[in-house]
Amino acid sequence: MEPNSANKYFPTVGDGSGLAQTDALHKEELQLALRNRGMPLEALRYPITPTGLHYLLIHYDIPAVDADGWRLKIAGQVANPLELTLEEIKKRPRQTIPVTMECAGNGRALFAPRRISQPWLLEAIGTAEWTGTPLRTILQEAGISGAAAEIVFTGLDRGVEGDQVQHYQRSLTVEEATRAEVLLVYEMNGEPLPPQHGFPLRLVKPGWYGMASVKWLNRIEAVAEPFQGYQMVRAYRYAQSADDPGEVVDVIRARALMIPPGIPDFMTRDRLVDAGAVTLTGKAWAGNGGVSRVEVSVDGGATWSDAQLGESVSPFAWRSWTFEWHATAGAHLLQVRASDATGNVQPAVQQWNFGGYGNNGVQRVNVVVR
Ligand SMILES: Nc1nc2c(c(=O)[nH]1)N[C@H]1C(S)=C(S)[C@@H](COP(=O)(O)O)O[C@H]1N2
Ligand SMILES: [Mo]
């Protein structure tokens, strides 16, 4: 597995290792960061993220789509191949689910060394109301064959990654693809999907990191063998080196984030807070059955206390938490950590991996109280 930031067409990025050893930002990281914005953490206040504040991750370019000529093709190991217009898809059963989506690379830039790629800190998140039709009803209509092992989803967007010219493609096992909550989505927050979020149609796979939710979808293919595409076997693996096949990245790990309290210092974004009663608040989520517990530390991790939990926005979305803090003059390090339904607790520091995936190490908020 070679670094995806350099390839035979465009060989030199950094020193060729694909890793950045210093704090200095590479031009390639800056280019990606300016295209793929994060959700400012103060937007954790909204149960549903306003569309313009939801994070974005676009590997290549936003494709130009001719809405009239566009068709969704369902092919491969199916009895009745289908070719559907958007209007035909919209006539099928309609369902809306609030889903918290997070990029698997969220937290990447907090690893050292870090992969030269989209340099996320903590902002690659958002919760939207996604409206569409269940994928499984369309797959039933197409009559997937018993010989099908996986369903491959292809986007219209193309680019070069890891020596391969490719469309963005991901697969799901038939079992995962036919879960009730997996949707073919044509609306976000009650409006047609905007270009940057996958117009005219995208997949949404609740509970999994965002890479599974293929945008600009135009082809769904049932295949007999596990799909070996770049985004399945080269990218999105928990691996220790460029050559390590590693483990698959799928379910969203538990995470809690806090709205940084008080006001920011312009340069460092450290916080200035007035002494007295401060309500700390934010959101917490996990792909694996949701969040069971949120704890806060106001003393740099020496002690942790339970936060109060609000209701989940949906079974596939975050829940709010609050914690009453009596802020005393001086410098403080605030931290918050979530546990998922099976008791996995966010680590202080997540184990490093080559691609910079799944870094749910706890958020650290530096505060000066006056
Ligand atoms: N076709 C296509 N689908 C895609 C991507 C892409 O680049 N192309 N990026 C994926 C990744 S890595 C993430 S995290 C989510 C981001 O979805 P959003 O931009 O709507 O937040 O889309 C996924 N679907
Ligand atoms: Mo992502």
Side-chain angles (χ1 to χ4, degrees), residues 4 32-33 35-39 43 48-65 70 72 98-109 115 117-132 152-162 164 166-172 182-189 191-220 229-232 234-238 248-253 255 285 287 317 355-360:
N4 69 3
L32 285 166
R35 293 180 52 78
N36 296 304
R37 68 173 142 65
M39 186 193 79
I48 300 296
T49 310
T51 301
L53 293 176
H54 194 283
Y55 87 94
L56 283 177
L57 198 294
I58 298 154
H59 280 229
Y60 313 130
D61 293 344
I62 298 169
V65 180
W70 178 90
L72 176 68
V99 175
T100 296
M101 200 180 288
E102 176 171 18
C103 181
N106 204 17
R108 172 180 290 128
R115 180 73 174 277
S117 184
Q118 167 70 21
W120 293 120
L121 296 169
L122 295 172
E123 290 86 355
I125 47 152
T127 297
E129 288 185 314
W130 300 103
T131 298
V152 180
F153 303 88
T154 301
L156 285 162
D157 50 328
R158 286 177 84 218
V160 185
E161 217 174 326
Q164 293 177 32
Q166 57 187 289
H167 284 270
Y168 186 89
Q169 288 184 304
R170 288 274 311 181
S171 67
L172 292 173
V182 179
L183 297 183
L184 294 175
V185 162
Y186 44 78
E187 283 177 19
M188 177 184 189
N189 295 341
E191 303 283 345
L193 272 184
Q196 66 273 26
H197 287 290
F199 178 87
L201 192 76
R202 77 176 301 173
L203 186 69
V204 169
K205 172 72 174 102
W208 282 30
Y209 283 118
M211 74 278 148
S213 295
V214 177
K215 303 193 273 190
W216 309 293
L217 197 58
N218 79 327
R219 187 177 169 84
I220 295 176
Y230 182 87
Q231 307 297 342
M232 299 302 297
R234 311 295 286 276
Y236 301 109
R237 310 290 298 193
Y238 293 117
V248 68
V249 172
D250 49 29
V251 174
I252 299 176
R253 291 174 169 173
R255 190 197 291 280
W285 63 93
Y357 300 117
N359 186 2
N360 66 338

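These numbers come from a predicted model, not from an experiment. For the numbers below, each heavy atom of this structure counts, side chains included, while hydrogens, waters and symmetry mates do not. Read the numbers this way: they start at 1 and go in the same order the structure lists the ligands and their atoms.
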Applying a 4.0 Å heavy-atom criterion (strictly less than), which segment of Met101 is in contact with ligand 1: side chain, backbone, both, or neither?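 It is the side chain that touches ligand 1; the backbone stays farther off.
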Identity and distance of the protein heavy atom lying nearest [atom]:
atom                    : answer
atom 1 (N) of ligand 1  : Asp157 OD1, 2.8 Å
atom 7 (O) of ligand 1  : His59 N, 2.8 Å
atom 10 (C) of ligand 1 : Tyr168 OH, 3.6 Å
atom 24 (N) of ligand 1 : Ser213 O, 3.0 Å
atom 15 (C) of ligand 1 : Gly210 O, 3.4 Å
atom 9 (N) of ligand 1  : Leu57 O, 3.2 Å
atom 14 (S) of ligand 1 : Tyr55 OH, 3.0 Å
atom 12 (S) of ligand 1 : Tyr236 OH, 3.0 Å

Between NZ of Lys215 and CD of Gln196, what distance do you get to the nearest 0.5 Å?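 Going from the NZ atom of Lys215 to the CD atom of Gln196 covers 8.0 Å.
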Sub-3.5 Å donor-acceptor pair from the side chain of [X] to the main-chain atoms of [Y], do we have one?
X      : Y      : value
Arg253 : Ala104 : no
Thr100 : Thr127 : no
Tyr357 : Tyr236 : yes
Trp285 : Gly207 : no

Between Arg202 and ligand 1, is there a nitrogen or oxygen pair with a distance under 3.5 Å?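 Yes, at least one N or O pair falls under 3.5 Å.
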Output yes when the distance from some N or O of ligand 1 to some N or O of Lys215 is under 3.5 Å, and no in every other case.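 Yes, since at least one N or O of Lys215 sits under 3.5 Å from an N or O of ligand 1.
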Ligand-residue contact atoms, ligand 1 with [X], heavy atoms, under 4.0 Å:
X      : answer
His54  : 21 (O)
Cys103 : 14 (S)
Ile58  : 7 (O)

Evaluate the side-chain proximity of Leu57 to Gln118: yes if any heavy-atom separation is below 4.5 Å, no if none is.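 Side chain of Gln118 against side chain of Leu57, heavy atoms only: contact under 4.5 Å found.
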Any side-chain heavy-atom pair from Asn359 and Asn106 closer than 4.5 angstrom?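 Counting from C-beta outward, Asn359 and Asn106 never come under 4.5 Å.
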Could you give all pairs that pass the salt bridge (Lys or Arg N to Asp or Glu O under 4.0 Å) test and reach residues 193-204, with sequence neighbours left out?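 Qualifying pairs: none.
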Do you see a donor-acceptor pair shorter than 3.5 Å between the side chains of Tyr168 and Glu161?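 Side-chain D/A pair, Tyr168 to Glu161: absent.
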